[in-house]
Amino acid sequence: MSDWIPVKQARLAESAGRPCEIRGWVRTRRDSKGGFSFIEINDGSSLGNLQVVAPGELDNYASEIQKLTAGCSVVVRGELQASPAKGQATELHASAVRVLGWADPETYPLQKKRHSFEKLREWAHLRTRTNTLGAVMRVRNQICQSIHRFFHENGFLYVNTPIITASDCEGAGEMFRVTTLDLERLAKSGGPVDYSFDFFDKPTFLTVSGQLEGETYATSLGRIYTFGPTFRAENSNTSRHLAEFWMIEPEAAFFDLADNMQLAEQFLKQVFSECLQCCGEDMEFFDQRIEKGKIDQIRGVIDQPFQHMTYTEAIKVLESSGQKFDYDIAWGSDLQAEHERYLTEQHVGGPLILTDYPATIKPFYMRVSDDEKTVAAMDVLVPGVGEIIGGSQREERLDVLSQRMAEQSLSEDDYWWYVDLRKYGTVPHAGFGLGLERAVQYVTGMANIRDVIPFPRTPGSAEF
Ligand code: ATP
Ligand code: MN
């Protein structure tokens, strides 16, 4: 039987005195003049390493231990003792150090020197062995767990919506095509594409959102959420867009826009506060090394009610801001990232929910308001990132929905099942989409979205 414990637990003061086994990767080794070595071990369970004290008497001391370098994998047995050193409560006095795998220091990329995040993306298979990326992925995991917990506690059912879809839905972005047709043969033949030969008998794509399918479940099961991969082939090389990302989409029957906004606010606050509670050490790290003051900022967000503003008010604020923007702003035009960030960062200095956007810039399914010019849409903007949530109350009136589809040249035949929801027992309902990576970016303060997903997919890049 093994008495393995994770480094996280071994580092606790109350673990002193216990015999145990540690399994992990060497971060550094330092030989003391006293004839023993200090080895820092990390196993991914915490930001902090465990310091191992390896005495010169160990039989593989000269043959192996003194050759350990960053990246080697080891199993260490010994007894935890209170440590006299600063910054650690315990250290492990080794009785045996077994080397499982070597890491040639001539070629192992993660040497002591600091690497840029750009450089680390080239080693995405190894980069979670660094402090920052390890911390990001632990926080990402916590956010996912908290999301599931929040919805479970609030009576939302977890629904898996399809990844392959035939509806070019809602124009949310460019789509990736899914096909088994032989593209090279097609190109040679020069003829038109006959989709009856394709796998699904018609053009199909990777989903840009699970919302439409989500609505079918909300209008039978009441409250649901989806949490899955989402694909957008938009050719935007920005710090907040990925071609493949994860989206969380709650949808609730009998919800109006006010309910929807309240849900989004409670949801974000609970997720953020669980990050502070459960990832304290990692959050301290982000606070000190990535974005100064992050923890206080998040505490402020949890304590304060979110600010609200209509699109029309936002346009007025932007017009009278005296700011120079790259894109001009006028009622009816879509807000750009620079406008969103001005509003949330400069004007409000915290999260902001923008509502009531012009109908002309929003998809057909958003509910048309009494003024007939705007729709019951809401975006949640946060400092540093901009939009993290986009949502709306949905159009539940059959005649209005039909008219909106006609205006946007969408065929009701293609969306027959979606339209059916308005024919049979229609109800008011609402929902939103949260980009998981944008949430991780906000919580950690990481500047680039490519550093908060394990293997980023972006234009021209699908390594790993
Ligand atoms: P943006 O205007 O920032 O491009 P959007 O309005 O196209 O986003 P929605 O269709 O409203 O996005 O999607 C809901 C949420 O999904 C967004 O609020 C955002 O958090 C996230 N999201 C959208 N596109 C991407 C992307 N390419 N990469 C990562 N997250 C995204
Ligand atoms: Mn949006």
Side-chain angles (χ1 to χ4, degrees), residues 140 143-144 147 161 165 167-176 205-212 214 225-251 257 260-261 263-265 267-268 271 311 314 327 333-341 343-344 351-359 361-366 375-394 430-443 446-459 461-462:
R140 182 184 166 107
I143 291 176
C144 295
I147 287 169
T161 48
T165 172
S167 40
D168 175 2
C169 67
E170 51 163 315
E174 294 295 314
M175 303 182 90
F176 288 100
F205 307 89
L206 293 178
T207 185
V208 293
S209 161
Q211 178 201 318
L212 303 189
Y225 71 105
T226 72
F227 189 157
T230 310
F231 307 87
R232 299 202 182 168
E234 51 204 344
N235 203 357
S236 38
N237 256 310
T238 77
S239 60
R240 42 179 229 151
H241 287 95
L242 292 161
E244 177 182 294
F245 63 100
W246 289 69
M247 186 140 73
I248 296 93
E249 296 180 275
E251 190 73 36
L257 189 68
N260 206 29
M261 292 192 286
L263 177 72
E265 179 167 344
F267 167 62
L268 290 177
V271 170
Y311 168 92
Y327 291 85
S333 64
D334 213 352
L335 298 181
Q336 302 294 323
E338 54 176 348
H339 307 126
E340 294 175 350
R341 292 189 58 173
L343 291 167
T344 173
L352 169 64
I353 309 187
L354 275 187
T355 58
D356 305 287
Y357 285 73
I361 57 170
K362 289 292 184 188
F364 72 94
Y365 54 72
M366 294 192 178
V375 286
M378 59 171 232
D379 276 9
V380 181
L381 316 178
V382 293
V385 182
E387 178 186 336
I388 63 169
I389 281 180
S392 70
Q393 184 174 340
R394 319 306 187 189
F432 61 79
L434 167 75
L436 173 64
E437 287 74 20
R438 300 244 179 120
V440 181
Q441 255 191 298
Y442 175 68
V443 170
M446 293 295 285
N448 197 307
I449 198 165
R450 298 166 198 209
D451 300 324
V452 300
I453 188 165
F455 300 103
R457 268 81 181 96
T458 51
S461 168

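All ligand and atom numbering here is 1-based and tracks the order in the structure.
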Any nitrogen or oxygen of F245 lying under 3.5 Å from a nitrogen or oxygen in ligand 1? Just yes or no.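 For ligand 1, there is no N or O atom that lies under 3.5 Å from one belonging to F245.
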Contact with ligand 1 for L436, non-hydrogen, under 4.0 angstrom: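 No, L436 has no heavy atoms under 4.0 Å from ligand 1.
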With a cut-off of 4.0 Å, which atoms of ligand 1 are near a heavy atom of [X]?
X: I449; value: 29 (C)
X: R240; value: 3 (O), 28 (N), 29 (C)
X: G435; value: 15 (C), 16 (O), 20 (O), 21 (C)
X: G433; value: 14 (C), 15 (C)
X: I389; value: 18 (O)

Any N/O/S of E387 under 2.8 Å from the Mn ion (ligand 2)?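 It does; at least one qualifying atom falls short of 2.8 Å.
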Any side-chain donor paired with an acceptor under 3.5 Å for R394 and S392?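 Yes.
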Does only the side chain of [X] get under 4.0 Å from ligand 1, or the backbone, or both, or neither? Count heavy atoms.
X: E234; value: side chain
X: H241; value: both
X: T230; value: neither

Worked check of salt bridge (Lys or Arg N to Asp or Glu O under 4.0 Å) between R140 and E437: CA-CA 8 Å; R140 182 184 166 107; E437 287 74 20; 2.9 Å; yes
Where the side chain of S236 meets the backbone of T238, is there a donor-acceptor pair that is under 3.5 Å apart?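 No: the side chain of S236 does not pair with the backbone of T238.
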Quick one: does H339's side chain have a donor or acceptor within less than 3.5 Å of a partner on Y327's backbone?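 Checked: pair present.
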Can you say whether the rings of F267 and F432 are parallel (under 30°), tilted (30 to 60°) or perpendicular (over 60°)?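 Ring orientation of F267 relative to F432: tilted.
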Look at the rings of Y357 and Y311 and say which category their plane angle falls in: under 30° parallel, 30 to 60° tilted, over 60° perpendicular.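 Tilted: the ring planes of Y357 and Y311 meet at 30° to 60°.
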Stepwise, does the side chain to side chain contact (heavy atoms under 4.5 Å, CB included) test hold for N235 with E174? CA-CA 8 Å; N235 203 357; E174 294 295 314; over 6 Å; no
I would like to know whether E249 and S209 meet side chain to side chain donor-acceptor pair (under 3.5 Å); could you show each step before the answer? CA-CA 8 Å; E249 296 180 275; S209 161; 2.8 Å; yes
Residue selection (non-hydrogen contact nearest atom 9 (P) of ligand 1) among R232, M247, E340: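 Among R232, M247, E340, the closest heavy atom to atom 9 (P) of ligand 1 belongs to R232.
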